[in-house]
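Here you go, one structure.
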Amino acid sequence: QVQLVESGGGLVQAGGSLRLSCAASGRTVGSYAMGWFRQAPGKEREFVAAISRNGGADYADSVKGRFAISRGNAKNTVFLQLNSLKPEDTAVYYCAARPTYSGGTYYLRDTQYDSWGQGTQVTVSS
């Protein structure tokens, strides 16, 4: 497993933006498929975005067109750009990783990942 640390969360007004980072320690995430999930109070954890080793990505319908997942050039960081934020985006955001041999595969279910970060809080005020 790889150790993941998220950062970049905070309090922002509706319509604002944040950039979340997920840094891997001990190894690069170049050979991992990566994902972002979120969990709001009283709700189950839900899929937000996923990226394959070669950069292919998919998003939850609720964030499509507003959020963007990307890999850093250093190959040990993954980012999630959050734009046009809404109060319903308020949640703890988690980064996840899964080693994969396939360059084009990404995963949409949390049970498919085996490494998780501790989460970063995003709060959007109306």
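Everything numeric in this text was worked out from a predicted model, so none of it was measured. Worth knowing before you read on, the calculation uses all heavy atoms, side chains too, and leaves out hydrogens, waters and symmetry mates.
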* To do: Using the salt bridge (charged side-chain N to carboxylate O under 4.0 Å, His left out) rule, collect all pairs that involve residues 98-114, keeping only residues at least two apart or in two chains.
  => Arg45-Asp110
* Asked: Just by distance, do the side chain of Thr90 and the backbone of Val124 share a donor-acceptor pair under 3.5 Å?
  -> yes
* Do Arg53 side-chain atoms and Tyr101 backbone N/O form a donor-acceptor pair below 3.5 Å? -> yes
* Structure fact -> In this structure, CG of Leu18 is separated from CZ of Phe67 (nearest 0.5 Å) by 9.0 Å
* Counting distance only, does the side-chain N/O of Asn54 pair as donor-acceptor with the main-chain N or O of Gly103 below 3.5 Å? -> yes
* Determine the minimum heavy-atom distance between Val63 and Arg38, stating which atoms define it. => CG1-NH1, 3.9 Å
* Asked: Is there a side-chain contact between Val92 and Thr120, using heavy atoms and a 4.5 Å cut-off?
  -> no
* Check for a donor-acceptor pair, side chain of Tyr107 on one end and backbone N or O of Ile51 on the other, with a separation under 3.5 Å. => no
* To do: Output all residues satisfying ring pair (Phe, Tyr, Trp, His ring centres under 6.0 Å) with Phe37, sequence neighbours left out; order by chain, then residue number.
  => Phe47, Tyr113, Trp116
* To do: Would you confirm whether Glu6, through its side chain, and Ser21, through its main-chain N or O, come within 3.5 Å as a donor-acceptor pair?
  => no
* Exceeds 12 heavy-atom contacts within 6.0 angstrom, atom NZ of Lys64 -> yes
* To do: Identify the heavy atoms of Leu20 and Gly9 that sit nearest to each other, and give their distance.
  => CD2-N, 3.6 Å
